[in-house]
Amino acid sequence: MTSDTIIKVGMADLNIASNGYSLKTTGLGSCVGLTLFDPLHKIAGMAHVMLPTSNIAREATINLAKYADTAIPELLSRMTAAGANVRSMKAKLAGGAQMFAMSGQSDSMRIGPRNVESCLAMLDFYKIPVVAQDTGGNFGRTIEFESERGILTIRSVQFGTKEI
Amino acid sequence: MKNFEAFEIDVLKEVGNIGAGHAATALSKLLDKPVDMDVPKVSLVPFEEVADRVGGAEQVVIAVFLRVEGEVSGNLFFLLKEQSAKGLLEGLLSIDKNAAGGYSELELSALSEIGNILTGSYLSSLADFIGLTMSPSVPAIALDMAGAVLSYGLMQYGEMGDAALLIETTFLGNQQEIEGHFFLIPDPDSFKKIFKALGVGS
């Protein structure tokens, strides 16, 4: 895969890809890399979700890509606008780690698992099946999602590369 | 997040200076070698760029993380690239880390303890200077991608915007062989207290 066919997705960011382009996001910790794929139309989408819910937002204009409950609807509307169909979509998730094990953990430090739970709840709401996930643990991940077959490649420092 | 006045930025630089200065002294004593320190940088950094300060989101770093609670709360990171971690182990324990490969439990424990000492002197000097309580958690250590590690300290800012205020100090020891970074990310509501305690609050 040459670098000019890779679309970078930043932190609290989302994007879509098709025509053999890939989506990539680096250094996922407690954030969740949520990917959606429509195999019929070969359209892929990725969101780098940072927080579980926009209820806690205190910013003037909400960055939709940041929160699980706003990123998924936004990603769906971007993908359907590009010709994808929600009913044929499949989801894959990676990330949501707990980077540091701390004693007496406050809720904000448990953010990884909460991000995953929130993403799964939203996917359930839209009846999008989760076909694979590599979440949790205590390590960071870099992920790449290609738009031809919807294969998610996950790389980590400790465990190398794997595909789901 | 409101923008700070120039004099407020200067106050925060001094905060970084005092903390890292004491930590550099502690490291210098440990190594029995001089340790230099850069002028602290204080800036509102977009999330996406925070990890660039240590070589990008995928740069593998050794990170010691402490959550600080108390009158002033926030997150403190002490980061070392692997080359520097090896330099520290060689300098302190005469462990030859030229061989590639992972870290033994002893080595990680030694690095964690160094992080503990340095962050401890950083925070205690800071608490003395500001005159407010800052109680750190037990330090946690991770060897992982900088982006994954640092994003952990940005959550408190996530709900307010897409950037975090970073008080960053870099030090160099053993003829530039060891480069360490301190990132202090005070919680958004801590600034007012810091300014007030130091007599510059409005």
Side-chain angles (χ1 to χ4, degrees), chain A residues 8-13 24-33 48-67 94-112 114-115 137-144 155-159, chain B residues 1-2 45-52 54-69 73-78 82 102-103 112 115 135-164 187-189:
Chain A
K8 187 160 164 33
V9 177
M11 193 172 187
D13 185 17
K24 182 178 184 179
T25 195
T26 52
L28 284 169
S30 53
C31 299
V32 171
H48 184 138
V49 171
M50 189 178 174
L51 292 165
T53 163
S54 60
N55 289 341
I56 53 169
R58 286 186 281 163
E59 49 189 333
T61 34
I62 288 184
N63 174 357
L64 295 175
K66 196 189 300 175
Y67 308 94
Q98 197 153 351
M99 294 303 296
F100 298 98
M102 320 263 315
S103 52
Q105 212 142 53
S106 66
D107 218 28
S108 69
M109 296 285 115
R110 250 196 90 249
I111 202 86
R114 285 171 58 215
N115 279 335
N138 63 347
F139 54 93
R141 297 165 172 95
T142 283
I143 60 170
E144 200 175 313
R155 211 164 52 73
S156 64
V157 174
Q158 301 168 48
F159 304 108
Chain B
M1 180 109 211
K2 71 165 183 119
V45 185
F47 293 153
E48 196 51 36
E49 291 168 24
V50 172
D52 290 345
V54 285
E58 291 193 276
Q59 171 71 45
V60 175
V61 294
I62 312 256
V64 176
F65 168 76
L66 294 97
R67 171 73 194 155
V68 181
E69 299 286 355
S73 57
N75 298 314
L76 178 66
F77 288 95
F78 171 62
E82 286 205 78
Y103 291 81
S112 181
S135 13
S137 65
V138 176
I141 190 166
L143 168 72
D144 215 312
M145 302 174 188
V149 169
L150 284 168
S151 65
Y152 209 69
L154 304 176
M155 295 303 156
Q156 278 80 6
Y157 282 85
E159 43 199 79
M160 338 205 11
D162 293 315
D187 288 351
D189 53 5

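All figures in this text were calculated on a predicted structure; none of them were measured in a lab. A, B, ... follow the sequence lines: proteins, then strands. Residue 1 opens every chain.
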Aromatic ring pairing B:F65/A:F100, orientation class (parallel under 30°, perpendicular over 60°, tilted between): parallel

Heavy-atom pair count under 4.5 Å with chain A, highest-scoring of B:G158, B:A148, B:A57, B:A51: B:A148

Residue among B:A146, B:A142, B:P46 with most heavy-atom pairs under 4.5 Å to chain A: B:A142

Do [X] and [Y] have side-chain heavy atoms sitting under 4.5 Å apart?
{"X": "B:L154", "Y": "A:M50", "result": "yes"}
{"X": "A:Q158", "Y": "B:D144", "result": "yes"}
{"X": "B:E48", "Y": "A:H48", "result": "no"}

Minimum-distance pair of heavy atoms, taken over all atoms of A:S30 and B:Y152: OG-CD1, 4.0 Å

Nearest atoms (heavy-atom pairs only) where A:R155 meets B:M145: O-CE, 3.4 Å

Under 4.5 Å from any heavy atom of chain A - which part of B:V149: both

Pairwise distance CE(B:M155) to CZ(A:R110) - rounded to 0.5 angstrom: 13.5 Å

Contact leader toward chain B among A:L51, A:D13, A:N138, A:T142, where contacts are heavy-atom pairs under 4.5 Å: A:T142

Backbone N/O of B:E159 and side chain of A:K66: donor-acceptor pair under 3.5 Å: no

